[in-house]
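Encoded as structure tokens, the structure appears first; notes follow it.
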There are 2 protein chains.
Amino acid sequence: MQIGDLSRQSGVNIETIRYYERIGILPKPARQSNGRRSYGPADADRLGFIRHARDLGFDLSSVRVLLALQEQPEASCDDASRIAQDQLEAVESRIARLTKLREELRRMVSECSRGRVAECRVIETLVPPTTGSSGPHAAYDKRPQYLPAMPRQLSRNS
Amino acid sequence: MQIGDLSRQSGVNIETIRYYERIGILPKPARQSNGRRSYGPADADRLGFIRHARDLGFDLSSVRVLLALQEQPEASCDDASRIAQDQLEAVESRIARLTKLREELRRMVSECSRGRVAECRVIETLVPPTTGSSGPHAAYDKRPQYLPAMPRQLSRNS
DNA sequence: CTACAACCTGTAGCGACTACAGGAGCAATA
DNA sequence: TATTGCTCCTGTAGTCGCTACAGGTTGTAG
């Protein structure tokens, strides 16, 4: 089986498969006489495992650990269980955060009356309430302090 | 106001502020005689706007559009509303996806009896069901086909 | 005078891919 | 046989949104 077949079978991009090989999460496969990669069913299994774990939101370092564990059937599965629990907690906190965002976005959208930007709730919601500077180049006064607020990383990582 | 003050006031990292300037989402500020950046309240407003939008999960290209709109109070706010709606939909689909993940993870975790890896549900759940190859280096037979399954990007982007 | 904090520029790193340039090999068709 | 066109190869750079660091200058307090 060559890389294209494996890609179709697993649903994992060819470039991603080569990337996985490069970072050592997939073993270097045998090569055909023409230099092309040759995969067997064990590789397909491993890749399927990786894909499923990635779909569940595990990052690649967790996947590495899970793969290593999988190959030691006699070891205790405490580590695996711990990783899964951590992942569950991470997913739960993402859901909580996104749910709050959803509410704020719903409010924004539902209150927008589709008129001019000047009275648009979407824009208005985003303008910080602290300074009263109106217009593009106002330079009035300074004001209190922002609070630390929510952690950054949302759209990318969570 | 210099960059450190702006950073404290807005809760945005100094490095991030300079990054925003580099990519042109914040204008190049005036400089003091010693070369240090000098900000006014308009900058603080703009940064506050950006931060809030980022907290709501808008990516920087959307933020750019929203900022541009904000500066044209007479324009129609359809674009802003559209962007917010798209974001709302994206958030809703992320929530839906994460909710499914949560269920699968809960099942994994709750069914793990904390014994050996060999009978660990966490690991077992991840092993693809298609090929029967057991053990690290088995090389049995080939099997049907995976379906396209779920879209990739989860932990990073969604 | 000496610390030390705060700032400066420029560049590289993160995670997990994705894309592309520039080439080789191979099968089917004209 | 030549050509087209697909799949594969390597190596490198780009994506997003930061964050970190090296190596320097400036400003302030003790």
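As the structure is a prediction and not an experimental result, all values here were calculated from the model. Chain identifiers are assigned alphabetically (A, B, ...) following the order of the sequence lines, protein sequences preceding nucleic acid strands; residue numbering begins at 1 within each chain.
- Side-chain contact check for Leu126(B) versus Met108(B): some heavy-atom pair is nearer than 4.5 Å.
- When rounded to the nearest whole Å, the span between CD1 of Ile17(B) and P of dG17(D) equals 17 Å.
- For Thr16(A) and dA16(C), the shortest distance from a side-chain N or O to OP1 or OP2 is not below 4.0 Å.
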Which nucleotides of nucleotides 2-12 of chain C have their base under 4.0 Å from a protein heavy atom (B), which only their sugar-phosphate (S), and which neither (-), written as one string 5' to 3'?
----BSSB---
Walk me through it: do Arg107(B) and Glu104(B) pass the test salt bridge (Lys or Arg N to Asp or Glu O under 4.0 Å)?
CA-CA 5 Å; Arg107(B) 239 178 295 122; Glu104(B) 187 158 358; 5.1 Å; no
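- Separating the OH atom of Tyr20(A) from the P atom of dA16(C) is a distance of 9 Å, rounded to the nearest angstrom.
- Computed from coordinates, the Tyr19(B) OH to dC21(D) P distance equals 19 Å when rounded to whole Å.
- Note: CG (Asp59(B)) to C1' (dG17(D)) measures 10 Å, nearest angstrom.
- Nucleotide dG15(C) holds its C1' atom 17 Å from the CZ atom of Phe58(A), rounded to whole Å.
- Across the protein-nucleic acid pair, Ile23(B) atom CD1 and dT15(D) atom P stand 12 Å apart, rounded to whole Å.
- How far CD of Gln2(B) is from OG of Ser38(B): 8.5 Å, rounded to the nearest 0.5 Å.
- Separating the CG atom of Asn13(A) from the P atom of dT7(D) is a distance of 13 Å, rounded to the nearest angstrom.
- Look at CG on Asp55(B): it is 14 Å from C1' on dC18(D), rounded to the nearest Å.
- The minimum heavy-atom distance between Arg18(A) and Ile3(A), with the atom names listed, is CG-CD1, 3.5 Å.
- Here CD1 of Ile14(B) is found 9.0 Å from CG of Asp5(B). Values are rounded to the nearest 0.5 Å.
- Side-chain N/O atoms of Ser61(A) include none lying less than 4.0 angstrom from OP1 or OP2 on dG15(C).
- By the 4.5 Å heavy-atom criterion applied to side chains, Tyr39(B) and Ile17(B) are counted as neighbours.
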